[in-house]
There are 2 protein chains.
Amino acid sequence: MTEAHKPGFSDCNNATLRRAARSLGRFYDDALAPTGLKSTQFGLLFQIHISDEPAMGTIAEALIMDLSALGHTLKPLIRDGYVETFPDKDDRRVKRVRLTPQGEAKLDEALKLWGVAQQQFEDKVGAEQAAKLRAALDAVADLDLEMPTAASSN
Amino acid sequence: MTEAHKPGFSDCNNATLRRAARSLGRFYDDALAPTGLKSTQFGLLFQIHISDEPAMGTIAEALIMDLSALGHTLKPLIRDGYVETFPDKDDRRVKRVRLTPQGEAKLDEALKLWGVAQQQFEDKVGAEQAAKLRAALDAVADLDLEMPTAASSN
DNA sequence: TTCAATTAGTGGCATATGCCACTTTTGCCG
DNA sequence: CGGCAAAAGTGGCATATGCCACTAATTGAA
């Protein structure tokens with residue numbers, strides 16, 4: 001076969017993905033810096049915004065993140081007054097989430113800066129390519145991966 | 001029709017990337033769990049392995065990660081005896097890194113499990129597609145993105 | 001109705017990552 | 001040569017994420 005270039009991270013799908021995530025994350029973080037929000041927080045606020053007072057579990061599922069991780073990530077946003085929670089009317093185990101007026105305002109503010117970064121990115125890779133990449137990433141994220149024969153070998 | 005029912009949630013390239021990273025990270029983490037290593041640690045050990053006693057800055061650059069972040073991430077690996085550092089002969093500011101024999105052994109052990117996960121992934125998406133995805137991700141990671149506003153000299 | 005199993009979150013602990021302020025070395029220059 | 005800027009790391013602080021053990025609220029029998 002071809003004289004494979006430096007293997008390094010290149011071979012591991014996961015390592016490559018994380019590396020790209022660090023790189024792109026920095027870019028979007030820089031873009032949002034003036035708002036005081038991290039790109040992850042921005043994404044979370046947006047997800048809450050487009051949902052209808054979602055339960056924590058619902059958000060976690062949509063973002064494919066651990067429920068407890070979501071709880072942790074939500075704390076600074078609640079502390080800063082951007083988000084608030086309230087119990088579900090029918091199931092007291094369920095805690096629903098919504099943006100506060102300040103949260104909505106902050107999101108609007110962030111959306112403008114996000115747009116600049118997003119545009120910048122798409123100008124570089126092309127809107128078409130970017131859309132394809134996102135589709136591919138969504139497909140990967142939604143894969144039902146499972147370890148075949150879990151352990152107990154040799 | 002009703003909106004907001006898509007798997008993703010926004011057109012944000014960064015959010016989509018992070019979401020996929022969380023998802024895939026879990027898969028690889030599960031695969032490596034028997035070794036006691038996280039997929040990130042595995043990636044770091046591998047990077048050190050294929051490099052020639054790299055300086056910390058060199059590793060950070062290759063993985064596109066903050067130097068201080070690398071330092072933090074390295075700590076548990078040093079504590080567990082998989083990695084050791086030593087000063088550069090010519091420049092005392094430089095700290096070089098290498099795997100210990102246990103580190104090499106642990107890496108070998110992890111490589112086997114990684115291979116299974118990697119194979120599992122490629123069976124699902126196709127080796128061809130996976131390679132393309134990695135190429136796209138590497139391209140994204142190496143983009144020279146810059147915010148127009150604060151952009152000065154570079 | 002009462003109790004075991006399930007579901008939704010919380011809290012603690014540990015790693016992953018970044019930024020910023022320092023400290024130590026080098027390098028460069030007048 | 002002396003001093004100042006740049007380079008390489010370190011440490012502290014804060015957020016991002018996961019897993020596990022627990023608690024509280026529900027549900028599904030018996």
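A note on names: the letters A, B, ... follow the listed sequences, proteins ahead of strands, and every chain is numbered from 1.
Between Thr73(A) and dT15(D) there is no side-chain polar atom (N or O) within less than 4.0 angstrom of OP1 or OP2. Here Lys75(A) does not reach the OP1 or OP2 of dA14(D): none of its side-chain N or O atoms lies under 4.0 Å away.
Backbone-only engagement by Arg79(A) is indicated by non-hydrogen atom pairs under 4.0 Å involving sugar-phosphate atoms exclusively. Nucleic acid contact for Asp90(A): sugar-phosphate only, since backbone atoms but no base atoms lie under 4.0 Å from a heavy atom of the residue. Using a 4.0 Å heavy-atom criterion, one finds that Gly57(B) contacts the sugar-phosphate atoms exclusively.
Side chain of Gln118(A) to main chain of Asp11(B): a donor-acceptor pair is present (N/O by atom type, distance under 3.5 Å, no hydrogens or angles). Side chain of Thr16(A) to backbone of Cys12(A): a donor-acceptor contact under 3.5 angstrom is found.
The separation between Glu61(A) atom CD and dG18(D) atom P is 14 Å, rounded to whole Å. The separation between Ile78(B) atom CD1 and dA16(C) atom P is 12 Å, rounded to whole Å. Rounded to an integer number of Å, the gap from Arg18(A) CZ to dG18(D) P is 9 Å. If you take CG of Asp29(B) and C1' of dT15(C), they are 10 Å apart, rounded to a whole angstrom. Taking atom CD1 of residue Ile64(B) and atom C1' of nucleotide dT17(C), one finds them 14 Å apart after rounding to whole Å. As rounded to whole Å, 10 Å separates atom P of dA16(C) from atom CG of Leu45(B). One atom, CG of Leu70(A), and another, P of dG11(C), lie 14 Å apart when rounded to the nearest Å. Look at CG on Leu77(B): it is 11 Å from C1' on dA16(C), rounded to the nearest Å.
Arg22(A) has no carboxylate O lying under 4.0 Å from a charged side-chain N of Asp29(A), or vice versa, which leaves the two without a salt bridge. With salt bridges taken as basic N to acidic carboxylate O contacts below 4.0 Å, none links Glu53(B) and Lys89(B). Salt-bridge check for Asp144(A) with Lys124(B): failed, with every basic side-chain N at 4.0 Å or more from each acidic carboxylate O.
Note on Leu67(B): it does not cluster hydrophobically with Val94(B), by side-chain heavy-atom contacts below 4.5 Å among ILVMFWY residues.
In this structure, Ser39(A) and Arg92(A) both approach DNA chain D, and ranking their closest nucleotides by distance from the 5' end singles out Ser39(A). The 5' end of DNA chain C is approached more closely, in terms of each residue's nearest nucleotide, by Leu67(A) than by the other of Ser23(A) and Leu67(A).
Closest to the side chain of Val94(B), out of dT26(C), dA16(C), dG9(D), is dG9(D). Side-chain atoms of Met65(A) lie closest to dT17(D) of the nucleotides dG9(D), dT17(C), dT17(D). Listed nucleotides dT26(D), dT17(D), dT17(C) differ in distance to Asp91(A); the shortest reach to its side chain belongs to dT26(D).
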Please write out the pairs of protein N or O atoms and N or O atoms of nucleotides 19-24 of chain C separated by less than 3.5 Å, giving the distance to one decimal.
from    : atom 1 : to       : atom 2 : distance (Å)
dC19(C) : OP2    : Arg26(A) : NH1    : 2.9
dC19(C) : OP2    : Asp66(B) : OD1    : 3.2
dC19(C) : N4     : Ser68(B) : OG     : 2.3

Exercise. Checking salt bridge (Lys or Arg N to Asp or Glu O under 4.0 Å) for the pair Asp91(A)/Arg96(A): CA distance, chi angles, key distance, verdict?
Worked result: CA-CA 10 Å; Asp91(A) 191 333; Arg96(A) 290 182 176 285; over 6 Å; no
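The side chain to side chain donor-acceptor pair (under 3.5 Å) analysis of residues 62-71 of chain B, with sequence neighbours excluded, yields the pairs Asp66(B)-Ser68(B).
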